[in-house]
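Structure, as structure tokens:
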Amino acid sequence: MDQHEYASQDATGLRGLIAAGEVTAAEVEAAARSAIEDVNGDLHALAQPLFDPALTADPRGPLAGVPFVIKDSGPVARGISFALGSRAVRGAVAVGDHDLMTRFRAAGLVALGQTTAPELGFGFSTEPLRTGPTRNPWDLSRGAGGSSGGSAALVAAGAVPMAHGNDGAGSLRVPASACGVVGLKPGRGRTPSGPLAGETGFGLTIEFGLTRTVRDTAVLLDAVGAPPIGDKYAAPLPARPYRDAIRVDPGRLRIAVTHDAWSGVPVDAQVIAVIVRAAETLEWIGHIVEPAAPVVDAEDVIEAQMLNVYATGGAMLRAPRRPDPALLEAVSREVLREVAAASALDVLAAVDAQNRVTRPIGLFLDEYDLLLTPTLARLPAPHGTLDQDGAGQDARDWLRRILEYGPFTAPFNVSGHPAISLPLGQSREGLPIGVQLVAAVGREDLLLQVAAQLEEALPWRDRQPPVFAG
């Protein structure tokens, strides 16, 4: 299998070829390794050399033989070192698999490497001092988004058909928009957080992955989206497998649309144009589309996002070996100082803010079936725009700064609602523009059904960035 043939297939296509005996899993893995190595010189998306051999996986799984990568976001896979994108994290090795990794292995996914992330996952750009900036395959002068930027870049470049990522404020959807791929953030309790935690980031952070097609997202969610065992939250079971749901007409839906950020930050005219086109397409499909949005206080979103800060900073401060402040980037250093000084009353204030965000969103999505918004307010940012080593920024300053770039995603981490970014448009410069859909709790099926309708009406699969395998 040559790189061109390999990169032209999504995960479902590759699995079909393997199952039919047209190609072996070993041949697919060899093509994947070659593709990753070829594009990584431009993208700088690997946090360490490729695994040799690949991590073990069940050859009978529904995605058996499909190449995959995992994110440098903590103790993901047994025996694999991790650094959280930081020079200050040294010698850390996962002593066991994350529950999600157990499901990735059971699905048959062949994990070949580890992808880059910003330090401690605190950003919407992937430009850590530890590895240097991860570049966008559509324009190497721009970032891949964050915090799952390395994974998104490799998927967009055809090096792997799907990749692990997680999302605490937009960290799947933001790089999906920046790189032109599909990024689903499942709802709270849809994917596991264990075994080391019953929830991650006080329930704001959700584990999943990035793909190039809606059908791959559905198949991956079928593989890993069972109710977590022992976690604090467990989402309801879907009525049917997601891979079947995307072939079912959801009927005529009531969909709200807005391109106004809750914080009032300006939204690029080209982004607005893509939202308008998406709304018109949904109307053409037969849905009722109305301008509307939940009333959310942007400062409450920032205060509620401090829960992620307290959780991540607290984990670092409780680690057996505390990070050396001199090796941390400026924002991370300030975050750890603030977390060390915080009290239980500070955490309770963030919990109260979370409730003030969650209530209006929940009520709104009881009235509307879906909400349509931009994913990012701007086009993919040039390198250095979001400098995590810039001095003079406390945690809230940094949150405000990154949420000026991506103001539309974080409220739904706070509320726990499922949301997806779809690559529905491109700028005049040829840069990807993502569109976000949000659904009620437990309605990932509805998100994927409408995503499949939009994929058919506004197809993106044949778009290839300048940096593309094969």
Side-chain angles (χ1 to χ4, degrees), residues 71 73 85 117-118 120-127 134 136 143-153 163-188 191 200-210 258-259 261-263 265 267-268 271 275 296 298 300-302 304-309 311-312 354 357 361 371-381 385-386 388 395 398-423 432-439 447:
K71 178 182 174 185
S73 55
L120 310 188
F122 283 153
F124 282 174
S125 62
T126 301
E127 302 177 20
T134 295
N136 193 313
S147 63
S148 305
S151 289
H164 165 239
N166 44 31
D167 191 316
S171 290
L172 283 164
R173 290 158 290 158
V174 167
S177 180
C179 293
V181 298
V182 179
L184 169 69
K185 179 195 77 69
R188 188 171 294 144
T191 59
T200 307
F202 289 90
L204 272 67
T205 298
I206 306 299
E207 301 281 343
F208 190 54
L210 295 138
T258 184
H259 50 67
W262 290 279
S263 60
V265 300
V267 178
D268 189 287
V271 173
I275 291 296
V296 174
D300 281 342
V301 174
I302 289 171
Q305 275 291 329
M306 288 297 295
L307 290 171
N308 251 327
V309 172
T312 302
Q354 181 182 28
V357 172
I361 292 175
L371 172 64
L372 173 70
T373 79
T375 306
L376 294 172
R378 310 205 306 256
L379 302 181
T385 301
L386 298 172
Q388 198 166 326
W398 179 244
L399 285 171
R400 288 188 187 91
R401 190 169 176 193
I402 63 174
L403 294 182
E404 287 178 1
Y405 176 53
F408 293 97
T409 55
F412 309 108
N413 295 84
V414 174
S415 68
H417 289 81
I420 192 169
S421 180
L422 302 172
I433 296 175
V435 167
Q436 178 179 235
L437 286 168
V438 187
L447 276 185

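Since the model is a prediction, treat every value here as computed from it, not as a measurement. Computation of the quantities below employed the complete heavy-atom set of this structure, encompassing side-chain atoms and omitting hydrogens, waters and symmetry-equivalent molecules.
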Do the side chain of Asp167 and the main chain of Ile206 share a donor and acceptor less than 3.5 angstrom apart? no
Could you tell me whether the side chain of Thr373 reaches within less than 4.5 Å of the side chain of Ile275, counting heavy atoms only? no
Can you check whether Cys179 reaches Asn136 side chain to side chain, under 4.5 Å on heavy atoms? yes
For Val414, does its backbone N or O pair with a side-chain atom of Gln354 as donor and acceptor, under 3.5 Å? yes
Trp262 (side chain) donor-acceptor with Pro411 (main chain) under 3.5 angstrom: no
Under a 3.5 Å distance rule, please check whether Asn166 uses its side chain to pair with a backbone N or O of Ser171 as donor and acceptor. no
Would you call Thr409 and Gln436 a side-chain contact if the rule is heavy atoms closer than 4.5 Å? yes
How long is the gap from CD on Gln388 to CZ on Arg401, to the nearest 0.5 Å? 10.5 Å
Check against side chain to side chain contact (heavy atoms under 4.5 Å, CB included), Glu127 and Leu386: CA-CA 9 Å; Glu127 302 177 20; Leu386 298 172; over 6 Å; no
Intermediate values then yes/no, side chain to side chain donor-acceptor pair (under 3.5 Å), Ser148 and Lys71: CA-CA 7 Å; Ser148 305; Lys71 178 182 174 185; 3.0 Å; yes
Between His417 (side chain) and Phe412 (backbone), is there a donor-acceptor pair under 3.5 Å? no
Residues Phe208 and Thr191: closest non-hydrogen pair is CD1-CG2, 4.3 Å
Check the pair Thr126 / Thr134 against side chain to side chain donor-acceptor pair (under 3.5 Å), numbers first and verdict last. CA-CA 6 Å; Thr126 301; Thr134 295; 5.4 Å; no
Hey, which of Pro118, Pro175, Ser125 is the one that makes side chain to side chain contact (heavy atoms under 4.5 Å, CB included) with Ser147? Pro118
Could you tell me whether a side-chain N or O of Asp268 sits under 3.5 Å from a main-chain N or O of Ala377, the two making a donor and an acceptor? no
Output yes when a side-chain donor or acceptor of Lys185 lies under 3.5 Å from a complementary backbone atom of Thr205, and no otherwise. no
Sidechain-backbone polar pair: Tyr405 side chain, Phe124 backbone, donor-acceptor under 3.5 Å: no
Should Val309 and Trp398 count as side-chain neighbours, where that means a heavy-atom distance under 4.5 Å? no
Starting from the C-alpha separation in whole Å, work towards a yes-or-no answer on side chain to side chain contact (heavy atoms under 4.5 Å, CB included) for Val174 and Leu376. CA-CA 7 Å; Val174 167; Leu376 294 172; 3.7 Å; yes
Would a distance-only check, ignoring hydrogens and angles, find a side-chain to backbone donor-acceptor pair under 3.5 Å from Glu404 to Ser263? no
Between Val182 and Pro423 the two heavy atoms that sit nearest each other are CG2-CD, 4.1 Å
Give the minimum heavy-atom separation between His164 and Ser73, together with the two atoms involved. CE1-OG, 3.6 Å
Could you tell me whether a side-chain N or O of Arg378 sits under 3.5 Å from a main-chain N or O of Val271, the two making a donor and an acceptor? no
